[in-house]
Amino acid sequence: MKKKKLNKIQNAAVEAVNKPVLIFAGAGSGKTRVLTEKIAFLIEQDHVKPENILAVTFTNKAAKEMRERVSKLIDNSQSKINMGTFHSICARLLRAEIHNLDYTSAFVIYDSQDQISVVKVIMAAKDISKSDISPQEIRRNISYFKSKMITPAEALSKTRTVKDRKIAEIFGAYKAELKKNNAVDFDDLLLLPLEIFEKFPAILKKYQEKWQYILVDEYQDTNRPQFLLVSQLASSHRQICVVGDDDQSIYGWRGADIRNILDFEKTFGDCHIFKLEKNYRSTGYILSSASAVV
């Protein structure tokens with residue numbers, strides 16, 4: 001393996017297997033290098049076949065960088081690794097399995113503008129004025145509900161104001177409209193696999209056997225559906241490695257839950273924990289100044 005120089009802790013994190021692995025890694029500490037070296041280590045040491053590895057991150061840019069780094073470490077087997085964002089991985093899963101929920105595999109993925117268009121149609125049908133509440137605000141509320149796995153019925157039961165009730169009612173109508181149109185939104189890409197796993201345990205087992213080692217980057221930014229996805233997929237074999245920075249969660253506005261990384265040990269138990277504390281990107285002056293600000 002064309003291994004770059006790793007420090008002692010990085011190397012230990014790369015070679016830790018047979019237990020869940022939690023890596024705390026701040027910016028500039030070499031976390032992406034550790035993840036990619038770990039993928040290469042797993043393959044070259046025959047711990048798992050490339051096609052049985054699932055590597056997940058948050059952005060297309062990060063997934064592309066990970067793919068490029070891995071390709072420099074191993075041969076063409078890299079192309080067999082299941083690697084991508086949460087949403088892209090789930091979209092591929094749904095193309096194969098969504099028929100179990102009475103959609104077709106040719107479902108359409110609605111972007112934010114498509115969602116707003118649906119909301120506007122529902123508002124017009126319910127005679128709800130845009131001066132009372134904007135379609136954009138309703139869309140944001142629907143996305144928030146989904147990130148917290150709150151159903152339309154639950155949202156309706158918790159309403160305190162007329163405005164809250166209108167939003168909850170639109171949420172229910174919105175969900176029905178998407179199903180009628182054989183469409184999903186980006187939040188559904190995460191939620192519908194969980195629904196399939198719950199209703200069809202054999203399908204969950206199939207993907208547990210398919211993805212025998214799971215690696216997750218930026219774990220501190222996972223929301224509840226993302227946490228449940230990886231924890232369910234890894235629950236049988238417990239071969240999972242997550243990397244994150246408990247000081248650097250930036251997606252709280254979209255439902256990210258920092259407790260997912262802080263409670264990882266509770267979820268999986270008996271795990272290897274590593275802290276990558278050496279910063280390779282910033283000078284000591286910058287680091288000391290940043291620490292003082294924090």
Side-chain angles (χ1 to χ4, degrees), residues 20-22 48-49 51-58 63 81-110 142-155 171-172 175-176 178-179 182-219 221-242 244 251 254-257 259-261 263-264 266-269 271:
V21 176
L22 169 60
V48 63
K49 294 178 181 177
E51 59 267 30
N52 296 131
I53 293 175
L54 174 64
V56 191
T57 188
F58 273 82
I81 300 170
N82 301 278
M83 191 180 300
T85 65
F86 273 99
H87 291 89
S88 67
I89 293 292
C90 288
R92 292 202 291 270
L93 185 154
L94 288 175
R95 292 294 177 195
E97 308 294 349
I98 201 169
H99 64 276
N100 291 287
L101 299 179
D102 297 325
Y103 293 77
T104 76
S105 61
F107 65 85
V108 178
I109 302 173
Y110 280 2
I142 289 173
S143 184
Y144 175 81
F145 290 146
K146 290 187 174 186
S147 74
K148 298 298 184 183
M149 301 185 71
I150 297 171
T151 67
E154 289 169 338
F171 178 23
K175 188 174 180 180
L178 261 63
K179 180 72 177 288
N182 194 44
V184 304
D185 60 26
F186 284 103
D187 295 302
D188 290 330
L189 292 177
L190 304 177
L191 291 171
L192 294 181
L194 291 172
E195 185 176 343
I196 291 171
F197 291 164
E198 181 181 3
K199 292 181 177 179
F200 306 96
I203 297 177
L204 171 58
K205 184 178 180 182
K206 179 173 78 172
Y207 285 95
Q208 288 172 335
E209 293 174 351
K210 175 181 174 65
W211 294 325
Q212 297 171 15
Y213 202 102
I214 299 171
L215 303 100
V216 186
D217 193 12
E218 305 292 1
Y219 190 70
D221 290 328
T222 53
N223 61 20
R224 181 163 177 75
Q226 290 161 335
F227 162 75
L228 289 174
L229 275 166
V230 296
S231 59
Q232 288 184 22
L233 288 168
S235 62
S236 60
H237 52 67
R238 301 177 74 250
Q239 294 299 289
I240 181 171
C241 172
V242 304
Y251 290 121
R254 73 173 187 194
D257 192 340
R259 290 174 299 179
N260 292 345
I261 190 169
D263 292 344
F264 181 84
K266 292 180 183 177
T267 303
F268 287 97
C271 62

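Only a predicted model underlies this, so the values are computations on that prediction, with no experimental measurement involved.
Note that the CD1 atom of I240 and the OG atom of S231 stand 7.5 Å from one another [nearest 0.5 Å]. With rounding to the nearest 0.5 Å, the separation of CG in D221 from CD1 in I261 is 9.0 Å. Expressed to the nearest 0.5 Å, how far CG of N100 lies from CD1 of I196 amounts to 6.0 Å. Rounding to the nearest 0.5 Å places CG of L192 at 6.0 Å from CG of L101. We find the CE-CG distance between M83 and L54 to be 9.5 Å, quoted to the nearest 0.5 Å. Between the CZ atom of R238 and the SG atom of C271 there is a distance of 8.5 Å, given to the nearest 0.5 Å.
Taking the six-membered ring where tryptophan is involved, the planes of F171 and F145 are essentially parallel, since the angle between them stays under 30° and well short of 60°.
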Applying side-chain contact (heavy atoms from CB on, under 4.5 Å) to Q232 and L204, what does each step give before you reach the verdict?
CA-CA 8 Å; Q232 288 184 22; L204 171 58; 4.3 Å; yes

Criterion side-chain contact (heavy atoms from CB on, under 4.5 Å) on M149 and L228, from CA distance to verdict:
CA-CA 11 Å; M149 301 185 71; L228 289 174; 3.4 Å; yes

Kindly determine whether V230 and Y219 satisfy side-chain contact (heavy atoms from CB on, under 4.5 Å), including the steps that lead there.
CA-CA 10 Å; V230 296; Y219 190 70; 4.1 Å; yes

Report the C-alpha separation of F86 and L189 in whole Å, then their side-chain angles, then the decisive distance to 0.1 Å, and conclude whether the side-chain contact (heavy atoms from CB on, under 4.5 Å) test is met.
CA-CA 9 Å; F86 273 99; L189 292 177; over 6 Å; no

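Shown here for A183 and Y103, the closest heavy-atom pair between the two residues is O-CE2, 3.7 Å. When all heavy atoms are compared, the tightest approach of G172 to P152 is CA-CB, 3.7 Å. Between D188 and L94, the shortest heavy-atom distance links the atoms O-CD1, 4.2 Å. What you find for S105 and R95 is that their closest heavy atoms are O-NH1, 2.8 Å. Across every non-hydrogen atom of T222 and F227, the tightest pair is CB-N, 4.4 Å. Of all non-hydrogen atoms in A63 and T57, the two that sit nearest each other are N-CG2, 3.4 Å.
Within 6.0 Å of CD on E198 lie no more than 12 heavy atoms contributed by other residues, nucleotides or ligands. Around the NZ atom of K175, the shell of radius 6.0 Å holds no more than 12 heavy atoms that belong to other residues, nucleotides or ligands.
Looking only at side-chain heavy atoms (C-beta outward), L191 and K146 come within less than 4.5 Å of each other. With contacts defined as side-chain heavy-atom distances shorter than 4.5 Å, the pair L229/L194 qualifies. Q239 places none of its side-chain heavy atoms less than 4.5 Å from the side chain of V48.
In terms of modelled atom types and a separation under 3.5 Å, the side chain of N223 and the main chain of Q226 share a donor-acceptor contact. Here the side chain of N52 pairs no donor or acceptor atom with the backbone of W211 at under 3.5 angstrom. A donor-acceptor pair under 3.5 Å links the side-chain atoms of N82 to the main chain of E51, judged by distance alone. A donor-acceptor pair is defined here as one N or O able to donate and one able to accept, closer than 3.5 Å; no such pair exists between the side chain of R224 and the backbone of N260.
The pair E97-K206 counts as a salt bridge, with a side-chain nitrogen and a carboxylate oxygen less than 4.0 angstrom apart.
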